K.L.:
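My structure is below; once you've seen it, I'll send some questions.
Keep in mind it's a predicted model, so treat the numbers as computed, not measured. Order of the sequence lines sets the chain letters (A, B, ...), proteins ahead of strands, with each chain counted from 1.
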Number of protein chains: 2
Amino acid sequence: MLESPASSTEHREPAITRQNVTAKPIDAHEPWMRGLHADTGYLLYRLGLRSGQLFNSCLQESGLRLRHYAVLRYLATTDGTPQRELSARLGYDPSAIVGLVDDLEKLGFAERRPSPDDRRSRIVVLTESGSDFLRDTDEAGLRVTGELLGPLDPAERETLHALLLRIAEDGLN
Amino acid sequence: MLESPASSTEHREPAITRQNVTAKPIDAHEPWMRGLHADTGYLLYRLGLRSGQLFNSCLQESGLRLRHYAVLRYLATTDGTPQRELSARLGYDPSAIVGLVDDLEKLGFAERRPSPDDRRSRIVVLTESGSDFLRDTDEAGLRVTGELLGPLDPAERETLHALLLRIAEDGLN
DNA sequence: AGCAATAATTGTTGTCGTCAATAGTTGTTG
DNA sequence: CAACAACTATTGACGACAACAATTATTGCT
């Protein structure tokens, strides 16, 4: 499990050599930038991708990925959650949840416990080390976010967060 | 709402209809929501995912996906682009570009032309129908964006767009 | 008791990104 | 000017992952 970080950590060198493109500063005033990023939806998609990559590369050293992290954070808020609820709330397929919880269990971050009410249901709970891990990586997450939100000052970050949150709660999930 | 991904090959059913799940109102004041969406980076990731899905489901009827759209929009801004530039600027692997341009060529939206300077290079240009298609889908894109940004008024959308753009130009690409 | 619905799980399929290898072409250099 | 290194587009292979269908065990209904 978890092998080969391999690739995209330091993905900043597209082999600039000779007549290559003049390593450009790239600002939004160039026409191609406006053409590409004129639409907020597409912009969101692009940034979401980058954010996910950053998060993943940060979690990679721990052997898990963004989804695992999402599950962990959800578990941290409810303490005792049947898998079907994880599936419904996080929007992942039930079959995906199986593998995710398997991994978390293998690492000792969570464990399945039988439900007292329903014997088909398995309740997933966060363990001690899972909670610890969450606390540790939380800091790393903030660091990533800080890196991502580079040019924004605190007030602007607050604004952005509030706006995104409004959108998020609209569409649920 | 739009909770279930549901979309794949043929059926694209945004399905605001079916309310099979016990739809909880879900607002950001619930503790689990704060726990999950406390971090701006993760929030961005999540919304980017949703935005991408929306875009894809919108383009699906045309037979292409978001990447094709990205290529088309880039082509629209430069008119005549070697494939290696597409690869570098959009962040896709050169081998991915091959398939994408193949599809676009097959649909008549773009075509490869030999480069006068370098016989190994192929210049991709946007055709008439490609430009038309772009204009048509641009409207659809705006509709999607509008749907996505539902609860925000025009001023807020402007603010959001500006903030996202600042982040985007920072990290290049 | 019978029967539909549900929870977790397995297996399959198609898509996608990454990496390695190849053919044709260019530029450099000894 | 001839050999070599670098580069462009392309192909093929491999692994990761999401979406569906099918299975097993259990529950609720009537």
K.L.:
For the backbone of Gly41(B) and the side chain of Ser51(A), can you confirm whether one donor and one acceptor N or O come within less than 3.5 Å of each other?
P.N.:
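Yes; at least one donor-acceptor contact below 3.5 Å.
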
K.L.:
For Gly108(B), is there any backbone N or O sitting under 3.5 Å from a side-chain donor or acceptor partner on Ser129(B)?
P.N.:
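Confirmed, Ser129(B) side chain pairs with Gly108(B) backbone.
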
K.L.:
How many Å lie between CG on Leu64(A) and C1' on dA16(D), as a whole number?
P.N.:
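Nearest whole value for this atom pair: 15 Å.
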
K.L.:
Name the residue closer to the 5' end of DNA chain D, choosing between Asp117(A) and Ala96(A) according to the nucleotide with the nearest heavy atom.
P.N.:
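Looking at DNA chain D, the more 5' nearest nucleotide goes with Ala96(A).
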
K.L.:
Expressed in angstrom and rounded to an integer, what is the separation of Tyr92(B) atom OH from dC19(C) atom P?
P.N.:
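These atoms are roughly 17 Å apart.
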
K.L.:
For Gln53(A) and dT18(C), what is the distance between atoms CD and C1' respectively, to the nearest whole Å?
P.N.:
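Taking CD of Gln53(A) and C1' of dT18(C), I get 12 Å after rounding.
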
K.L.:
Taking the nucleotide of DNA chain C with the closest heavy atom to each, which residue, Asp93(A) or Ser95(B), is nearer the 5' end?
P.N.:
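This one resolves to Asp93(A).
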
K.L.:
Between atom CD1 in Ile97(B) and atom P in dT11(D), what is the gap in whole Å?
P.N.:
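In whole Å, dT11(D) P and Ile97(B) CD1 are 14 Å from each other.
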
K.L.:
Roughly how many Å is it from CG in Leu90(A) to C1' in dA19(D), rounded to a whole number?
P.N.:
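Distance, rounded to whole Å: 17 Å.
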
K.L.:
Does Thr145(B) use its side chain to pair, donor to acceptor, with the backbone of Gly141(B) at less than 3.5 Å?
P.N.:
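A pair under 3.5 Å: yes.
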
K.L.:
Between Arg89(B) and Tyr74(B), is there a side-chain donor-acceptor contact under 3.5 Å, judged purely by atom types and distance?
P.N.:
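Arg89(B) and Tyr74(B) do have a side-chain donor-acceptor pair below 3.5 Å.
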
K.L.:
Find the distance Leu100(A):CG to dT9(C):C1' and express it as a whole number of Å.
P.N.:
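Distance check: Leu100(A) CG to dT9(C) C1' gives 14 Å.
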
K.L.:
Tell me, for nucleotides 2-8 of chain C in 5' to 3' order, what letter each nucleotide earns: B for a base near a protein heavy atom under 4.0 Å, S for only sugar-phosphate near one, - for neither?
P.N.:
---BBSS

K.L.:
Sort by first number and list every stem of DNA chain C: at least 3 consecutive Watson-Crick or G-U wobble pairs, both distances under 3.5 Å.
P.N.:
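In DNA chain C, stems of three or more pairs: C:1-30 with D:1-30.
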
K.L.:
Can you tell me if Asn56(B) uses its side chain to pair, donor with acceptor, with the backbone of Leu66(B) under 3.5 Å?
P.N.:
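Side chain of Asn56(B) to backbone of Leu66(B), a donor-acceptor pair under 3.5 Å: yes, one is there.
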
K.L.:
Arg120(A): what forms a side-chain contact (heavy atoms from CB on, under 4.5 Å) with it, not counting sequence neighbours?
P.N.:
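Here the qualifying residues are Asp118(A).
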
K.L.:
Indicate every side-chain donor-acceptor pair of residues 93-103 of chain B with a distance under 3.5 Å to a residue at least two apart or in another chain.
P.N.:
| residue | atom | partner | partner atom | Å |
| --- | --- | --- | --- | --- |
| Asp93(B) | OD2 | Ser95(B) | N | 3.1 |
| Asp93(B) | OD2 | Ser95(B) | OG | 2.5 |
| Asp102(B) | OD1 | Arg112(B) | NH2 | 2.1 |
| Asp103(B) | OD2 | His68(B) | NE2 | 3.0 |

K.L.:
Checking Asp138(B) now: which residues fulfil side-chain contact (heavy atoms from CB on, under 4.5 Å) with it, not counting sequence neighbours?
P.N.:
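Asp138(B): side-chain contact (heavy atoms from CB on, under 4.5 Å) contacts with Tyr69(B), Arg73(B).
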
K.L.:
Could you pull out all residues at least two apart from Leu107(B) that satisfy side-chain contact (heavy atoms from CB on, under 4.5 Å)?
P.N.:
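For Leu107(B), the residues satisfying side-chain contact (heavy atoms from CB on, under 4.5 Å) (neighbours in sequence not counted) are Leu64(B), Phe109(B).
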
K.L.:
What is the separation between atom CG on Leu49(A) and atom C1' on dC16(C), rounded to the nearest whole Å?
P.N.:
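In whole Å, dC16(C) C1' and Leu49(A) CG are 12 Å from each other.
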
